[in-house]
Every structure is written in C-alpha cells, then in structure tokens.
Amino acid sequence: MRISASVASVPDSQLADVVRQMDDAGVDAYHLDSIDEPRIFDFAKHLRRFTRTPFDLHLITGNPKLYWDLIRESGINQTVFQLEALQKPLFIPDDLKGKIGIAVQSTTNPDKLSVYRDWE
C-alpha cells in the first residue's frame with residue numbers, strides 16, 4: 001500500500017515536527033492539491049526544506065502550460081491533472097521530469113480516457 005500525507009493545513013510552526021513524524025512513520029509521498037493556484041509551489045519549496053520524501057501534486061487547471069516551469073523548479077515528483085478541467089488534450093514537454101497522470105471523476109465518459117491510455 002502507498003501512503004500519501006497531506007500537510008498543507010498544518011500550521012507553519014508545527015510543520016517541521018509533523019513532517020518528521022510522517023517521515024518516521026514511513027509515508028511514501030506528500031500530497032499537494034491545487035485548483036489553479038501557483039502558491040502551492042511556494043509551499044512545496046518550503047516543505048522540501050524538511051524532507052526528501054517525494055511530492056505528488058493534484059493540479060486542477062485548464063491550462064497546464066502555465067505551470068511547467070513551476071513544476072520543474074519545485075521538486076514535484078508526480079503531477080496528476082484533472083481531466084475535466086483541461087481545455088484541450090494534455091501536452092507534456094519532453095524535459096519535464098517526474099510521473100504524469102490523469103484524474104477523472106466517476107461521472108466522466110470513459111471514452112475521454114482513450115487519448116491517454118497508451119502514454120508511458
């Protein structure tokens with residue numbers, strides 16, 4: 001089982017201790033959520049001061065290209081884009097490191113996944 005911890009709501013004065021406890025407990029990743037909010041990348045940089053544990057980002061945006069440089073700079077290890085928010089099919093730059101995924105709502109027509117099914 002993979003364990004992902006969400007610590008964005010932890011007060012800054014407690015963040016280092018909470019992260020140490022989560023790391024000691026063996027979390028696999030820290031989960032970050034963003035609805036078109038670039039400040040999550042500042043939080044990721046701040047969080048990176050306390051841990052080497054991977055970050056996974058759930059990014060809900062209509063325009064992912066606004067975030068490519070921020071993803072590169074912030075040390076995000078995995079980014080999952082919300083399919084329903086995308087304004088056009090997702091394009092991933094060749095130099096973007098980390099895993100990329102798609103999140104879908106249960107009400108989404110499964111046919112919309114076909115364009116992404118064979119991605120590596």
Side-chain angles (χ1 to χ4, degrees):
M1 175 179 293
R2 184 170 146 79
I3 300 171
S4 186
S6 178
V7 295
S9 64
V10 173
D12 194 53
S13 63
Q14 300 170 18
L15 187 60
D17 287 336
V18 169
V19 167
R20 183 182 39 74
Q21 292 171 16
M22 290 290 118
D23 282 346
D24 289 348
V27 298
D28 297 298
Y30 287 96
H31 182 75
L32 307 171
D33 280 306
S34 176
I35 301 174
D36 253 337
E37 183 51 64
R39 285 183 296 183
I40 197 67
F41 296 97
D42 292 333
F43 179 73
K45 288 178 187 176
H46 180 64
L47 183 59
R48 183 54 74 207
R49 295 176 32 216
F50 307 117
T51 185
R52 299 303 334 144
T53 300
F55 296 160
D56 67 62
L57 170 65
H58 179 198
L59 185 56
I60 301 171
T61 182
N63 191 359
K65 73 179 184 176
L66 296 175
Y67 296 94
W68 296 143
D69 286 338
L70 292 169
I71 291 170
R72 287 181 189 102
E73 296 165 5
S74 64
I76 301 291
N77 304 88
Q78 175 175 302
T79 306
V80 174
F81 294 92
Q82 189 68 42
L83 179 67
E84 295 82 6
L86 296 173
Q87 295 171 356
K88 54 187 170 183
L90 186 60
F91 165 78
I92 306 297
D94 290 337
D95 69 327
L96 194 70
K97 297 192 180 353
K99 294 181 180 182
I100 301 295
I102 295 288
V104 295
Q105 297 173 353
S106 61
T107 56
T108 296
N109 182 334
D111 291 341
K112 293 187 181 231
L113 299 173
S114 63
V115 69
Y116 303 105
R117 213 168 301 241
D118 294 328
W119 280 28
E120 292 292 323

### Query
How far apart are the closest heavy atoms of Val27 and Thr53, and which atoms are they?
O-CG2, 3.8 Å
### Query
Measuring from Ser9:OG to Gln14:CD, what's the distance to the nearest 0.5 Å?
10.0 Å
### Task
I would like to know whether Thr108 and Leu83 meet side chain to side chain contact (heavy atoms under 4.5 Å, CB included); could you show each step before the answer?
CA-CA 9 Å; Thr108 296; Leu83 179 67; 4.0 Å; yes
### Query
Is it true that the side chains of Asp23 and Tyr30 contain a donor and an acceptor less than 3.5 Å apart?
yes
### Task
Give the ring-plane orientation class for His46 versus Phe43, where under 30° counts as parallel, over 60° as perpendicular and anything between as tilted.
tilted
### Query
Looking at side-chain heavy atoms only, is the closest gap between Leu90 and Ile100 below 4.5 Å?
yes
### Query
Which pair of non-hydrogen atoms, one from Leu86 and one from Pro64, has the smallest distance, and what is that distance?
CD2-CG, 3.5 Å
### Summary
Shortest non-hydrogen pair, Leu57 vs Ile76, comes out as CB-CG2, 3.8 Å
### Query
What is the minimum heavy-atom distance between Leu32 and Ala44, and which atoms define it?
CD1-CB, 3.8 Å
### Query
If you draw a 6.0 Å radius around NZ in Lys45, do more than 12 non-hydrogen atoms from other residues or ligands fall strictly inside?
yes
### Task
Among residues two or more places apart or on two chains, list those pairs meeting ring pair (Phe, Tyr, Trp, His ring centres under 6.0 Å) that have a residue in residues 53-89.
Phe41-Tyr67, Trp68-Phe81
### Task
To the nearest 0.5 Å, tell me how far Asn77 CG sits from Lys97 NZ.
12.5 Å
## Note on the structure
Interatomic distance, CZ@Arg49 vs CG@Leu15, rounded to 0.5 Å, equals 9.0 Å
### Query
Tell me, do Val80 and Leu59 make a side-chain contact under 4.5 Å, heavy atoms counted?
no
### Task
Scan residues 77-94 for pairs that pass salt bridge (Lys or Arg N to Asp or Glu O under 4.0 Å), counting only residues two or more places apart or in two chains.
none
### Task
Applying side-chain contact (heavy atoms from CB on, under 4.5 Å), name anything that partners Ser4, two or more places apart in sequence or on another chain.
Ala29, His31, Asp56
### Task
Linking directly or through intermediates, with side-chain heavy atoms under 4.5 Å: list the remaining ILVMFWY members grouped with Ile35, chain and number order.
Ile60
#### Entry: Residue list, side-chain hydrogen bond (donor to acceptor under 3.5 Å, both in side chains) with Arg52, at least two apart or on another chain
none
### Query
Between Asp17 and Arg20, is there a salt bridge with N-O shorter than 4.0 Å?
yes
### Nearest heavy atoms of Arg72 and Pro93, plus distance in Å
NH2-CB, 3.5 Å
### Query
Is there a donor-acceptor contact under 3.5 Å from the side chain of Ser74 to the main chain of Leu70?
yes
### SB check Arg39 Asp42 (cutoff 4.0 Å)
no
### Task
Could you list the residues that satisfy salt bridge (charged side-chain N to carboxylate O under 4.0 Å, His left out) with Asp28, not counting sequence neighbours?
none
